[in-house]
A.B. asks: 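Next up is a structure, given as structure tokens.
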Number of protein chains: 2
Amino acid sequence: MDDSAIRLFKTTLRTNNHSVTKTRLIVFNLLKGQEPISMNSLLRIGKNRFDRASLYRTINLFEEIGVAHRVNLGWKYKIELTDKFAHHHHHLSCTNCGRVIPIREDDELEKLIIQISDTHNFSASKHQIEIQGLCSKCMRLKVVM
Amino acid sequence: MDDSAIRLFKTTLRTNNHSVTKTRLIVFNLLKGQEPISMNSLLRIGKNRFDRASLYRTINLFEEIGVAHRVNLGWKYKIELTDKFAHHHHHLSCTNCGRVIPIREDDELEKLIIQISDTHNFSASKHQIEIQGLCSKCMRLKVVM
DNA sequence: TTATTTTTGCGACATATTTGCAATATTTAG
DNA sequence: CTAAATATTGCAAATATGTCGCAAAAATAA
Ligand SMILES: [Mn+2]
Ligand SMILES: [Mn+2]
Ligand SMILES: [Zn+2]
Ligand SMILES: [Zn+2]
């Protein structure tokens with residue numbers, strides 16, 4: 001049950017000189033295997049298991065040690081695990097129903113991003129791609145109406 | 001002096017059933033021909049020409065009718081005009097000094113984005129690409145130290 | 001287990017964004 | 001152009017989001 005992601009998570013905490021705590025494990029598990037999730041949702045879900053301040057501190061720490069990062073979806077940002085704990089991917093986000101569809105990493109796209117950065121003598125450490133529009137379902141509904 | 005962008009802006013307001021007001025024109029002009037700008041800067045610059053609440057309402061409206069949109073740069077977001085009023089482009093954002101470098105549209109990249117959306121039967125209407133890292137200047141400084 | 005170190009919850013702040021409403025500006029109708 | 005009708009604005013107050021200090025509780029080290 002103590003799967004490899006959690007083991008890696010614990011190791012990451014330890015090697016960065018941080019304790020393995022209940023709150024951190026809970027938040028990690030909330031993030032694991034999920035689509036990006038907003039602070040608000042995390043807060044609502046964890047209401048009686050951890051405090052707001054702790055959540056912010058936890059997410060800040062997760063970013064610092066490369067466990068999670070923020071993805072920008074429209075106006076707001078959401079949190080998800082980094083590529084170290086989930087495969088690198090991007091998202092299609094439906095502006096109608098709010099669905100977020102993960103898209104598998106595309107070698108050509110990744111190569112291009114690096115190439116463009118290089119052209120500008122920019123040392124890219126990460127990137128995010130957000131594509132907004134209508135998912136196939138919403139598209140069908142729109143057409144019918 | 002009433003250049004084509006402003007004319008298009010006014011038309012956009014009208015066709016969406018909104019008035020052409022002093023505040024909206026001021027904000028539009030602040031956005032025009034600039035790099036993405038933060039709410040705070042807009043607020044500071046327009047301090048005595050419009051109110052905070054009006055600015056938020058204005059930006060919300062601009063997003064609704066496709067005049068401006070938010071660009072997410074790390075934790076923060078900034079506002080810039082949409083492709084309808086400025087050439088489509090993306091940004092490299094330096095995590096050290098905060099500099100935002102616009103990158104010219106890249107046909108190959110744009111084509112790829114569309115292609116990927118199509119593969120997922122997703123009808124993309126817009127996209128944003130955020131590349132974070134170190135600008136050449138900050139990179140040099142880091143190396144020296 | 002006890003001592004030491006780190007993290008948490010809580011309440012108080014600080015900042016960001018939203019809202020109701022009366023006053024003012026813009027648009028429409030004549 | 002003016003008067004009436006409608007939409008927008010400024011202001012003050014309400015919410016929402018994010019941060020901080022500190023004593024209590026939990027985790028780690030001894
Ligand atoms: Mn990628
Ligand atoms: Mn593009
Ligand atoms: Zn949808
Ligand atoms: Zn820089």
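Atoms considered below: every heavy atom in the structure, side chains included; atoms not considered: hydrogens, waters and symmetry mates. Throughout, protein chains are lettered first and strands after them, A, B, ... in sequence-line order, and every chain is numbered starting at 1. None of the values given here were measured: they were computed from a predicted structure.
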A.B. asks: Tell me which pairs pass salt bridge (Lys or Arg N to Asp or Glu O under 4.0 Å) where either residue lies in residues 111-129 of chain B, with sequence neighbours left out.
C.D. replies: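 For residues 111-129 of chain B: none.
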A.B. asks: I need the A:His18 NE2 to A:Thr58 OG1 distance, nearest 0.5 Å.
C.D. replies: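 Here the rounded value is 11.0 Å.
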A.B. asks: Over how many whole Å does the gap from A:Leu42 atom CG to D:dA16 atom C1' extend?
C.D. replies: 16 Å
A.B. asks: For a quick test of reading the model: is some side-chain N or O of B:Asn40 closer than 4.0 Å to OP1 or OP2 of C:dA16?
C.D. replies: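 Answer yes for this pair, as a side-chain N or O of B:Asn40 is under 4.0 Å from OP1 or OP2.
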A.B. asks: Could you check how far OH of B:Tyr77 sits from P of D:dT17, rounded to whole Å?
C.D. replies: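 Atom-to-atom, B:Tyr77 to D:dT17, this comes out as 12 Å.
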A.B. asks: Using side chain to side chain contact (heavy atoms under 4.5 Å, CB included) as the criterion, list what pairs up with B:Thr82, not counting sequence neighbours.
C.D. replies: B:His69, B:Lys84, B:Phe85
A.B. asks: With sequence neighbours excluded, what pairs up with A:Phe50 under the ring pair (Phe, Tyr, Trp, His ring centres under 6.0 Å) test?
C.D. replies: none
A.B. asks: Keeping to residues at least two apart or across chains, list the salt bridge (Lys or Arg N to Asp or Glu O under 4.0 Å) pairs with something in residues 49-59 of chain B.
C.D. replies: none
A.B. asks: Roughly, in whole Å, what's the span from CD1 in A:Ile65 to P in C:dT7?
C.D. replies: 10 Å
A.B. asks: Can you pull every protein N or O that's under 3.5 Å from an N or O on nucleotides 20-25 of chain C?
C.D. replies:
residue: C:dG20; atom: O6; partner: B:Arg57; partner atom: NH1; Å: 3.4

A.B. asks: Quick one: the side chain of A:Arg52 and the base of C:dG9, do they pair up donor-acceptor inside 3.5 Å?
C.D. replies: no
A.B. asks: Using atom CE of B:Met39 as one end and atom P of D:dT17 as the other, report the distance to the nearest whole Å.
C.D. replies: 16 Å
A.B. asks: With a 4.5 Å heavy-atom cut-off, do A:His91 and A:Glu80 have their side chains touching?
C.D. replies: yes
A.B. asks: Can you find a side chain N or O atom of A:Asn17 that sits less than 4.0 Å from OP1 or OP2 on C:dT6?
C.D. replies: no
A.B. asks: Answer whether the closest heavy-atom distance between the side chains of B:His90 and B:Ile131 falls below 4.5 Å.
C.D. replies: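 The answer is no; the side chains never approach within 4.5 Å.
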A.B. asks: If an axis is fit to five pairs at each end of the helix from C:dT1-D:dA30 to C:dG30-D:dC1, what is the angle between the two, to the nearest 10°?
C.D. replies: 50°
A.B. asks: Compare side-chain N and O positions of A:His18 against OP1 and OP2 of C:dT7 and report whether any pair is under 4.0 Å apart.
C.D. replies: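 Yes, within the criterion.
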A.B. asks: Nearest whole Å is fine: how far is C:dC10 P from A:Leu55 CG?
C.D. replies: 14 Å
A.B. asks: Output all residues satisfying side chain to side chain donor-acceptor pair (under 3.5 Å) with A:Asn40, sequence neighbours left out; order by chain, then residue number.
C.D. replies: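 Listed in chain order: nothing, the list is empty.
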A.B. asks: Rounding to an integer number of Å, can you tell me how far A:Lys47 NZ sits from C:dC10 P?
C.D. replies: 12 Å
A.B. asks: Do the side-chain N or O atoms of B:Tyr56 get closer than 4.0 angstrom to the phosphate oxygens (OP1, OP2) of D:dT15?
C.D. replies: no
A.B. asks: Can you sort out the partners of B:Phe62 under ring pair (Phe, Tyr, Trp, His ring centres under 6.0 Å), two or more places apart, ordered by chain and number?
C.D. replies: B:Phe9
A.B. asks: On DNA chain D, compare the nucleotides closest to B:Leu61 and A:Arg14; which residue's is nearer the 5' end?
C.D. replies: B:Leu61
A.B. asks: Identify which nucleotide among C:dT7, C:dT8, C:dT18 has an atom closest to any side-chain atom of B:Asn60, counting heavy atoms from C-beta outward.
C.D. replies: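 Among the listed nucleotides, the one closest to the side chain of B:Asn60 is C:dT18.
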A.B. asks: Rounded to the nearest Å, what distance is computed from the CZ atom of residue A:Arg24 to the C1' atom of nucleotide C:dT8?
C.D. replies: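 Checked: the CZ to C1' distance equals 10 Å.
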A.B. asks: Considering residues at least two apart in sequence or located in another chain, which fulfil the salt bridge (charged side-chain N to carboxylate O under 4.0 Å, His left out) criterion with A:Lys32?
C.D. replies: A:Asp3
A.B. asks: Take atom CZ of B:Arg44 and atom C1' of C:dT15, then tell me their distance rounded to the nearest Å.
C.D. replies: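 After rounding, the gap between these two atoms is 15 Å.
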